[in-house]
There are 2 protein chains.
Amino acid sequence: MLSTEQIIETMSEQGLRITDQRKTLAKLFGENKGYLSAKDVYEFMCKKYSGLSFDTVYRNLRVMHELGVLEQIVFEEGIKFKASCNQDDHHHHLICLQCQKTYPIRFCPVDLTDAPDGFKVVKHKFEVFGYCKDCQQADTIEAKTSERSDNKSEVS
Amino acid sequence: MLSTEQIIETMSEQGLRITDQRKTLAKLFGENKGYLSAKDVYEFMCKKYSGLSFDTVYRNLRVMHELGVLEQIVFEEGIKFKASCNQDDHHHHLICLQCQKTYPIRFCPVDLTDAPDGFKVVKHKFEVFGYCKDCQQADTIEAKTSERSDNKSEVS
DNA sequence: GTTAATGCAAACGTTTTGCACAGGC
DNA sequence: GCCTGTGCAAAACGTTTGCATTAAC
């Protein structure tokens with residue numbers, strides 16, 4: 001997965017200006033292995049930038065996605081983003097429905113899939129959803145303490 | 001895949017009233033094997049019902065989805081619907097990016113996937129996208145005639 | 001100094017809601 | 001006749017756009 005520095009470097013190489021906000025975004029995604037919605041990002045950024053507007057966040061997320069430093073997937077709840085994985089290393093993800101951390105799966109099923117006669121395969125989606133170890137334990141604890149595990153970071 | 005009659009029957013069994021619009025919806029999904037967006041459905045229904053409103057279409061799509069007669073998947077362009085497949089017969093789909101027809105894949109990769117230690121798998125998504133035989137040919141023809149293959153029906 | 005990024009406001013498309021009326025059961 | 005489904009209007013929501021100001025290069 002791209003590091004904070006790699007994200008900044010790529011943006012700079014492409015002629016984008018490295019503003020303070022973009023540094024913070026790069027850091028957020030470089031250090032966070034889960035998926036974040038535009039709203040999550042906005043709320044996080046708000047803590048640091050008081051007069052922040054939605055549109056800047058959206059614009060930056062879009063630019064960063066177009067640039068390829070962020071990848072987005074469509075959940076039922078909407079589109080979410082995380083730092084791109086290394087393209088050379090094709091893989092899929094286990095995604096925790098609670099904390100949204102991702103765990104890589106090396107196995108890619110597309111090669112084992114035989115398409116009917118004339119069908120030309122161009123892309124595929126393989127995602128496995130469930131609950132990671134931590135969140136299962138947290139859920140058990142939660143039942144007693146009603147504390148919530150909302151951190152969205154540090155795996156993959 | 002559920003037939004028009006099965007859709008109507010299920011809705012009736014669940015205490016829903018079978019209005020003329022709902023009959024038409026059931027027929028639309030019972031006979032159409034591709035994915036349709038709410039807008040597609042609305043536009044189709046408009047031909048038959050002049051004073052039709054968006055909200056009724058949305059309400060019915062939602063009700064039918066909650067009831068389980070429709071399944072929805074999230075494309076980049078938004079949410080789309082089609083009649084539910086038989087639950088007993090778990091399978092995945094090849095989806096044509098042009099005409100959105102679906103072709104079943106018996107192969108399910110989830111059993112071949114080993115999750116890390118404590119991860120509890122609850123659901124998965126495996127979809128293969130590409131272009132079906134017809135649309136590849138149509139594309140070649142299209143280059144000359146610029147005719148478009150917009151029908152969204154009759155396979156799976 | 002030039003050009004791109006930002007904040008603001010307003011627009012846009014999609015989906016949801018409340019309510020009165022029409023229609024299935 | 002009861003209660004659900006419908007149409008209408010308006011609101012909510014997420015996202016995008018145009019423009020003047022600000023800041024990176």
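Chain identifiers are assigned alphabetically (A, B, ...) following the order of the sequence lines, protein sequences preceding nucleic acid strands; residue numbering begins at 1 within each chain.
Taking atom CZ on B:R59 and atom P on D:dG5, their separation rounds to 10 Å, with Å as the unit. Rounded to an integer number of Å, the gap from B:F75 CZ to C:dT14 C1' is 18 Å. If you measure from atom CZ of A:R62 to atom P of C:dT6, you get 14 Å, rounded to the nearest angstrom. Atom-to-atom, CG of A:L16 to C1' of D:dC25 comes out at 13 Å; the value is rounded to the nearest Å. Taking atom CD on B:E43 and atom P on C:dG13, their separation rounds to 13 Å, with Å as the unit. At whole-Å resolution of the value, CE in A:M11 and P in D:dC25 are 11 Å apart. What separates OH of A:Y58 from P of C:dA11 is a distance of 19 Å, to the nearest Å. Distance B:E77 CD to C:dG13 C1': 15 Å, rounded to the nearest Å.
Nucleotides of DNA chain C nearest to B:I79 and B:D20 differ in position, and the one nearer the 5' end is that of B:I79.
Side chain B:R22 to base C:dG24: no donor-acceptor pair is found below 3.5 Å. Between the base of C:dT3 and the side chain of A:R17 there is a donor-acceptor pair shorter than 3.5 Å.
Interatomic distance, SG of B:C85 versus CD of B:E71, reported as 4.5 Å (0.5 Å rounding). Once rounded to the nearest 0.5 Å, the distance linking CG of B:N32 with NZ of B:K82 reads 9.5 Å. If you take OH on A:Y35 and CD1 on A:I79, they are separated by 12.5 Å, rounding to the nearest 0.5 Å.
By the 6.0 Å contact criterion, NZ on A:K125 is enclosed, its count of non-hydrogen atoms from other residues, nucleotides or ligands being greater than 12.
Checking the phosphate oxygens (OP1, OP2) of D:dG7, a side-chain nitrogen or oxygen of B:T56 falls inside 4.0 Å. Residue B:T19 has a polar side-chain atom (N or O) positioned under 4.0 Å from OP1 or OP2 of D:dT6.
Within 4.0 Å of A:S53, counting heavy atoms only, lies at least one base atom of the nucleic acid.
Note: B:H124 and B:H92 meet the aromatic proximity criterion, with ring centroids under 6.0 Å apart.
Comparing C:dT6, D:dG14, D:dC25 against the side chain of A:Q21 picks out C:dT6 as the nearest. Out of D:dC25, C:dT17, C:dT6, the shortest distance to the side chain of B:D55 is found at C:dT17.
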